[in-house]
2 protein chains.
Amino acid sequence: MSNIQDLNFSIIKAFRGKGYKVTPQRLAISRFALFSRDHLTAKMIYSQIKKTYPTVSLATVYATLHILKEVGLLQGRCMPTSEARFDPDMQPHVQLVCLQCDSIIDWRHPLVSKVIAEVAADAKFSASGQVLDIIGLCNRCKEKTNLEEK
Amino acid sequence: MSNIQDLNFSIIKAFRGKGYKVTPQRLAISRFALFSRDHLTAKMIYSQIKKTYPTVSLATVYATLHILKEVGLLQGRCMPTSEARFDPDMQPHVQLVCLQCDSIIDWRHPLVSKVIAEVAADAKFSASGQVLDIIGLCNRCKEKTNLEEK
DNA sequence: TTGTATGCAAATTATTTGCATGGGA
DNA sequence: TCCCATGCAAATAATTTGCATACAA
């Protein structure tokens, strides 16, 4: 998604296409969630949106995130600990979830799509999304732990 | 894990190996969680164990599940909706998560381990677990939906 | 105008924690 | 014996819901 104009347009189209009304709150939440390269939590989005819409409620943020998932603009993923994170990257990809610093690093591997397609076909499963998380310690935290042990 | 004797032995060995005491409650919870082929929730385990230990508490179930994860006998995974599920299958495998009936079907694919190993190596990530979920509609729910629409 | 979205607060649900007591090693 | 595990209840934290009002279509 290259610029804000295109982004607005896609959001409006997706919402209206499923019969959802477009409100300033919904647009702001969607824009922020989709434009970000990070894996945000509902609260992070909420605190950001509150700067421009001080009366916005967390319930509206959650509701909007649900719509974004339904119209296929966003993926939600639950974390081993702590709250759900939202990811605008809809392509199948690997996420490296660090247990120590809670960071998520996206990674691409050409075989991910292949594995998912084959398994879904074999199991006659109609896939609407996928999660490939590798859980452990990121490089930075690993090095930090090593240093502290010395 | 072929029989109850072996299972008991493995559990005791794993607990003591990390300095955890073995109590009847812990053994019962572990046996039930590990022997099951299903992906149970903490509550499911709790209701089962209460039949033999009516005073057992949910907190103990959670604590034991944490230990089982730590000693590497169990994987925990969070669900898109509802509570966490626990899986005694520690081999990398695909899970087909049905959004309608909440069932989880395990599936094996030879490339899963390869993808995970390669990505972890490339990203210098030290992996301790993985989740490969395909989210959507299982075959049964898909057919049911089709019938209802006619 | 008409129904849907909003904001607020309260409700719900999963999980964790504090603490006194009991029991494994 | 001594510390760790237990059960209970209360706390926490994330997310959802009910409802009156506001606003997009």
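To find a chain, count down the sequence lines: A is the first, B the second, and so on, and within it residues start at 1.
Computed from coordinates, the A:Lys21 NZ to D:dA25 P distance equals 7 Å when rounded to whole Å. Between the CG atom of A:Leu27 and the P atom of D:dA25 there is a distance of 10 Å, rounded to whole Å. For the pair B:Glu70 CD and D:dA5 C1', the interatomic distance rounds to 15 Å; values are reported in whole Å. Atom CD1 in B:Ile29 sits about 8 Å away from atom P in D:dG7, given to the nearest Å. Straight-line distance from the CD1 atom of A:Ile67 to the P atom of D:dT15: 17 Å, rounded to whole Å. Atom P of nucleotide D:dA22 and atom CZ of A:Arg26 are separated by 18 Å, given to the nearest angstrom. Taking atom CG of A:Leu58 as the reference point, atom P of D:dA14 lies 10 Å away to the nearest angstrom. B:Arg16 has its CZ atom 16 Å from the P atom of D:dC4, to the nearest Å.
Nearest-nucleotide positions on DNA chain C place B:Ala42 closer to the 5' end than the other of B:Val22 and B:Ala42.
The side-chain heavy atoms of A:Gln130 and B:Val94, taken from C-beta on, include no pair separated by under 4.5 Å. A 4.5 Å side-chain heavy-atom check between A:Lys142 and A:Gln100 finds every atom pair outside the cut-off. Annotation: side chain of A:Asp89 is in contact with side chain of A:Arg108 (closest heavy-atom distance under 4.5 Å). Side-chain contact between B:Thr64 and B:Phe15 is present, with at least one heavy-atom pair separated by less than 4.5 Å.
Looking at every heavy atom in both residues, B:Gly136 comes nearest to A:Ser128 through CA-OG, 3.6 Å. Considering all non-hydrogen atoms of both residues, B:Glu70 and B:Lys18 come closest at OE2-CD, 3.9 Å.
Among the heavy atoms of the strands, none lies under 4.0 Å from A:Ala63. Across all strands, B:Pro54 comes closer than 4.0 Å to no nucleic acid atom at all (heavy-atom distances).
Within residues 98-106 of chain B, no residue has any heavy atom under 4.0 Å from DNA chain D.
Using a distance-only test at 3.5 Å, with no hydrogens or angles considered, a donor-acceptor pair links the side chain of A:Arg26 to the main chain of A:Lys21.
For D:dT16, one of the phosphate oxygens OP1 or OP2 lies less than 4.0 angstrom from a side-chain nitrogen or oxygen of A:His66. Residue B:Ser57 has no polar side-chain atom (N or O) positioned under 4.0 Å from OP1 or OP2 of D:dT6. Using a 4.0 Å cut-off, no side-chain N or O of A:Thr23 falls inside it from OP1 or OP2 of D:dA24. Using a 4.0 Å cut-off, no side-chain N or O of A:Gln25 falls inside it from OP1 or OP2 of D:dC23. For the OP1/OP2 pair of D:dT16 and a distance below 4.0 Å, the side-chain nitrogens and oxygens of A:Tyr62 include no atom meeting the criterion.
Side chain to side chain, B:Asp122 and A:His109 fail the donor-acceptor criterion of an N or O pair below 3.5 Å.
In this structure, B:Ile104 CD1 and B:Leu96 CG are separated by 10.0 Å, a value rounded to the nearest 0.5 Å.
Nucleotides of DNA chain C lying under 4.0 Å from heavy atoms of chain A occupy a range whose first and last members, 5' to 3', are C:dG3 to C:dC8.
Cluster annotation: A:Val22 is not connected to A:Phe9 through the hydrophobic network of ILVMFWY side chains, with a link wherever side-chain heavy atoms come within less than 4.5 Å.
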